[in-house]
J.: 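Sending over a structure as structure tokens; questions will come in a sec.
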Amino acid sequence: MKEKIDVIGIGIGPFNLGLAALLEEKTNVKSAFFDETNVFQWHPGMLLDGTDLQVPFLADLVSFANPTSKYTFLNYAHVHDRLMSFFFFNRFDVPRKEYNAYCRWVSEQLTNCHFGKKVVDVRYVKEDECYEVTVKANHQTEHYYSKHLVVGTGSEPMVPVELEEGLNDDLIHSSSYGFHEEKIKQAKSITVIGSGQSAAEIFYKLLDDQIDYDYELTWFTRSPGFFQLEDSKIGQELFSPSYVDYFHSLSYDTRKKALPMLGNLRNGVQQKTLHKIYDKLYHRSIETNHAPALVQATTEVSRVEKSGTKGYTLFAKQWQEDHSFKHDTEKVVFATGYKPRLPQWFQEMLKEVEMESEKEFAMTRNAALRFLDGRKNNVFSLTNLEHALGTSATNLGLSVERNVRIVNELAGEAIYKESPGSVFQRFSSEKNT
């Protein structure tokens with residue numbers, strides 16, 4: 001058997017990239033992170049001009065753990081002679097394109113990040129107390145052995161609509177919009193489905209370009225309305241480690257009941273985006289005295305079928321009125337969200353762990369699976385976390401706090417300070433008794 005690595009990370013998105021940086025900068029933990037892409041890529045199809053992160057620049061890969069790190073966003077801006085420009089930019093949020101460039105810059109400096117290497121299988125070797133990780137790279141198969149794993153395989157597009165032909169150049173998911181944008185705008189009619197930030201950003205770009213291309217534009221969502229993302233200061237405290245502590249301590253049934261009530265923290269549109277859309281609609285309607293686009297909520301699209309040589313028919317229902325109707329369009333953009341990407345080997349592994357439901361696994365506060373055999377070789381999961389750690393589990397800033405816990409557990413000592421966060425709310429009543 002080859003030498004054991006302390007931990008192998010599978011997938012290199014922002015979560016695992018931040019973990020790799022924290023491990024390499026201040027620990028002696030031997031680590032290796034693998035990703036099948038050749039370079040770091042963060043939602044490449046949604047790196048649209050004028051779009052920003054929904055969290056401040058302080059929610060970079062490392063700042064909440066070590067603000068003096070060389071891997072902070074501010075140091076990236078300094079190294080690239082952009083710090084003064086960012087100062088005059090005078091905003092806390094970062095353009096998505098710049099966040100992607102920042103992450104790629106960090107990934108290129110880390111010796112424990114390996115791209116162009118796809119993990120195809122993982123199995124637990126009980127007698128050696130380690131995991132065998134099978135990796136394919138350049139048509140070669142390699143085997144690595146690790147005491148622990150961190151699974152950061154991210155998410156994949158979800159289209160909860162029956163498609164006669166499946167996704168194609170005419171029917172796309174928002175995750176690939178940037179690759180299809182020019183071709184989509186050549187159509188005579190375009191429909192956007194969804195009500196989150198991605199849907200709003202795409203609709204706004206299409207609305208902005210509508211005069212130049214002269215297409216009909218429609219925006220449907222099954223939600224009751226096009227609602228604003230909760231971004232109040234006290235509301236944002238639910239993204240704190242203190243709230244995660246509280247949420248994780250609740251029973252599974254209580255956590256599941258709480259999640260829908262927390263939806264407006266993650267599902268919704270930034271206020272500035274909604275204002276831009278309304279202002280554009282208003283200005284565009286001055287000369288025509290009618291709306292330049294059809295914008296309709298409470299509308300669920302259940303099926304899409306081919307219609308003629310270039311078009312499609314959407315089978316929809318306004319569910320509050322229980323009224324079904326058909327809508328014809330040439331192009332459809334599904335901004336319908338994502339679901340966890342769980343490789344087959346990971347799904348097989350779930351047979352050996354404590355489950356809270358058919359698809360949701362029990363987890364420690366540090367995001368480790370609870371194995372039925374009580375093994376000491378951890379598998380930390382950075383995906384499919386909401387049921388255990390709350391709706392804030394996918395928040396970029398909070399992921400740093402989670403990584404701090406993982407680093408300290410791997411190192412067996414407090415390398416980084418674990419902070420509950422400074423919040424004004426009290427989430428549990430136990431301290432009152």
Side-chain angles (χ1 to χ4, degrees), residues 11-15 17 35-54 95-101 103-104 107 115-116 118 152-210 213 215-222 266-267 269-270 273 277 301 303-306 310-312 314 329-343 383 394 396:
I12 307 178
F15 295 169
L17 180 61
D35 196 281
E36 62 182 297
T37 62
N38 292 322
V39 295
F40 180 89
Q41 297 185 79
W42 181 72
H43 297 303
M46 279 299 293
L47 298 178
L48 309 179
D49 289 336
T51 59
D52 306 311
L53 287 186
Q54 292 176 272
R96 283 190 188 175
K97 285 186 176 181
E98 189 165 30
Y99 179 76
N100 185 64
C103 288
R104 183 171 296 181
S107 72
F115 292 89
K118 182 179 181 179
T153 48
S155 57
E156 58 189 9
M158 178 176 62
V159 181
V161 176
E162 182 183 339
L163 301 179
E164 188 179 43
E165 297 186 345
L167 294 177
N168 53 45
D169 289 342
D170 300 322
L171 311 175
I172 70 165
H173 188 268
S174 58
S175 58
S176 63
Y177 175 77
F179 306 131
H180 297 84
E181 183 175 21
E182 286 306 314
K183 185 174 181 180
I184 284 176
K185 290 189 294 190
Q186 302 297 326
K188 293 182 179 179
S189 54
I190 307 169
T191 301
V192 178
I193 299 175
S195 60
Q197 183 67 24
S198 295
E201 289 172 349
I202 290 170
F203 177 78
Y204 178 76
K205 285 189 67 67
L206 290 170
L207 184 63
D208 197 37
D209 291 333
Q210 188 180 30
Y213 290 85
Y215 42 70
E216 293 181 2
L217 183 58
T218 301
W219 188 9
F220 287 146
T221 179
R222 65 181 177 183
R266 201 176 84 180
N267 303 319
V269 184
Q270 289 178 308
T273 307
I277 289 173
V301 177
R303 191 165 85 256
V304 179
E305 291 184 359
K306 185 73 175 175
K310 296 182 66 176
Y312 294 85
L314 277 58
T329 188
E330 286 189 8
K331 307 285 186 180
V332 182
V333 180
F334 294 97
T336 46
Y338 298 83
K339 59 183 178 180
R341 180 185 287 114
L342 303 177
T383 188
T394 56
L396 291 173

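Just so you know, these numbers use all the heavy atoms, side chains as well, and skip hydrogens, waters and symmetry mates. The shown structure was predicted, so the numbers you read here are calculated from the model rather than taken from an experiment.
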J.: Of Val304, Leu314, Val161, which meets side-chain contact (heavy atoms from CB on, under 4.5 Å) against Ile193?
T.: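 Testing each of Val304, Leu314, Val161 against Ile193, the sole residue satisfying side-chain contact (heavy atoms from CB on, under 4.5 Å) is Leu314.
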J.: Apply side chain to side chain contact (heavy atoms under 4.5 Å, CB included) to the pair Val333 and Phe203, showing each step before the final yes or no.
T.: CA-CA 9 Å; Val333 180; Phe203 177 78; over 6 Å; no
J.: Are the side chains of Tyr312 and Glu305 in contact, using a 4.5 Å heavy-atom criterion?
T.: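 When only atoms from C-beta onward are counted, Tyr312 and Glu305 do not touch, as no gap falls below 4.5 Å.
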J.: Hey, does Val332 have a side-chain heavy atom less than 4.5 Å from the side chain of Phe334?
T.: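 A side-chain contact exists here, since the closest heavy-atom pair is under 4.5 Å.
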J.: Is there side-chain contact between Leu47 and Trp42, with heavy atoms separated by less than 4.5 Å?
T.: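 Of all side-chain heavy-atom pairs linking Trp42 with Leu47, at least one is under 4.5 Å.
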J.: Evaluate the side-chain proximity of Leu206 to Tyr213: yes if any heavy-atom separation is below 4.5 Å, no if none is.
T.: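 Not in contact.
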J.: Taking ring pair (Phe, Tyr, Trp, His ring centres under 6.0 Å) as the test, write out the residues that go with His180, two or more places apart.
T.: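 With neighbours one apart ignored, the set is empty.
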J.: Roughly how far, to the nearest 0.5 Å, is NZ of Lys188 from CD of Glu330?
T.: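 Rounded to the nearest 0.5 Å, the CD-NZ separation comes out at 6.5 Å.
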J.: Is there a donor-acceptor contact under 3.5 Å linking the side chains of Thr191 and Thr329?
T.: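 A donor-acceptor contact under 3.5 Å links the two side chains.
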J.: If you define the side chain from C-beta out and look only at heavy atoms, does anything of Ser155 sit under 4.5 Å from Pro340?
T.: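 They are not in side-chain contact.
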J.: Taking all non-hydrogen atoms of both residues into account, name the closest pair between Trp219 and Gly194 and its distance.
T.: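 Answer, listing the atom of Trp219 first, then Gly194: NE1-O, 2.6 Å.
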J.: Within the 4.5 Å heavy-atom criterion, are Phe115 and Val39 side-chain neighbours or not?
T.: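 Side-chain contact under 4.5 Å: no.
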J.: Would you say the side chain of Ile190 lies within less than 4.5 Å of the side chain of Glu216, judging by non-hydrogen atoms?
T.: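 Sidechains of Ile190 and Glu216: no contact.
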J.: Do Lys97 and Asp49 pass the salt bridge (Lys or Arg N to Asp or Glu O under 4.0 Å) test, and can you show the C-alpha distance, the side-chain angles, and the key distance before you say yes or no?
T.: CA-CA 8 Å; Lys97 285 186 176 181; Asp49 289 336; 2.5 Å; yes
J.: Might you work through the side chain to side chain contact (heavy atoms under 4.5 Å, CB included) test for Val159 and Leu167, ending with a clear yes or no?
T.: CA-CA 9 Å; Val159 181; Leu167 294 177; 4.2 Å; yes
J.: Between Arg104 and Phe40 (side chain of the first, backbone of the second, donor and acceptor by atom type, cut-off under 3.5 Å), is there such a pair?
T.: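 Yes, Arg104 side chain to Phe40 backbone: donor-acceptor pair under 3.5 Å.
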J.: Do we see a donor-acceptor contact under 3.5 Å between the side chains of Gln197 and Gln270?
T.: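 Judged by distance alone, the side chains do pair up.
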J.: Determine the interplanar angle of the His43 and Tyr338 rings, folded into 0 to 90°, and report it as parallel if under 30°, tilted if 30 to 60°, perpendicular if over 60°.
T.: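 If you compare the ring of His43 with that of Tyr338, the planes turn out tilted.
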J.: Is Gln41 atom CD crowded by more than 12 heavy atoms from other residues, nucleotides or ligands, each under 6.0 Å away?
T.: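 More than 12 heavy atoms, drawn from other residues, nucleotides or ligands, come within 6.0 Å of this atom.
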J.: When you compare the side chains of Thr273 and Glu201, does any donor N or O come within less than 3.5 Å of an acceptor on the partner?
T.: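 Absent: no donor and acceptor within the cut-off.
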J.: Should Lys183 and Glu181 count as an ion pair when the cut-off is N to O under 4.0 Å?
T.: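 No, this pair does not count.
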J.: Looking at every non-hydrogen atom in both residues, tell me the closest pair between Leu396 and Pro14 and how far apart they are.
T.: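 Shortest heavy-atom separation between Leu396 and Pro14 comes out as CD2-CB, 4.0 Å.
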J.: Do the non-hydrogen side-chain atoms of Pro160 and Thr336 ever get within less than 4.5 Å of each other?
T.: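 SC-SC contact between Pro160 and Thr336 confirmed.
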J.: Over all heavy atoms of both residues, which pair between Gln186 and Glu182 is shortest? Give the atoms and the distance, please.
T.: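 Here Gln186 and Glu182 meet closest at CG-O, 3.3 Å.
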J.: Do you know the tightest heavy-atom contact between Thr153 and Thr383?
T.: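 Heavy atoms only, the tightest pair is OG1-CG2, 4.1 Å.
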J.: Which value, rounded to the nearest 0.5 Å, describes the distance between Leu217 atom CG and Gln210 atom CD?
T.: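 Result: 5.5 Å between the selected atoms.
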J.: Using every non-hydrogen atom in the two residues, find where Val192 and Ile202 come nearest and quote the distance to one decimal.
T.: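 The pair with the smallest heavy-atom distance is CG2-CG2, 4.2 Å.
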J.: Taking side-chain hydrogen bond (donor to acceptor under 3.5 Å, both in side chains) as the definition, give me every residue that meets it alongside Lys306, ordered by chain and number, with sequence neighbours left out.
T.: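 None.
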J.: Between NZ of Lys205 and OG1 of Thr51, what distance do you get to the nearest 0.5 Å?
T.: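 These two atoms lie 8.0 Å from each other.
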J.: Near Arg96 CZ, under 6.0 Å, is it more than 12 heavy atoms from other residues, nucleotides or ligands?
T.: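 Count over threshold, so yes.
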J.: Measure the spacing between CG of Asn267 and OG of Ser195 and express it to the nearest 0.5 Å.
T.: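 That separation rounds to 7.5 Å.
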J.: Do you know which two heavy atoms are closest between Met46 and Ser174, and how far apart they sit?
T.: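 So the two residues come closest at SD-O, 3.1 Å.
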J.: Working to the nearest 0.5 Å, report the span between OG of Ser107 and CG of Asp35.
T.: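 If we round to the nearest 0.5 Å, Ser107:OG and Asp35:CG are 9.5 Å apart.
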J.: With Phe179, which residues qualify under ring pair (Phe, Tyr, Trp, His ring centres under 6.0 Å), at least two apart?
T.: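 Once residues adjacent in sequence are excluded, Phe179 has no partner under the ring pair (Phe, Tyr, Trp, His ring centres under 6.0 Å) criterion.
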J.: Look up atom CD1 in Ile12 and atom CD in Glu36, then write down how far apart they are to the nearest 0.5 Å.
T.: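 Between atom CD1 of Ile12 and atom CD of Glu36 there are 11.0 Å.
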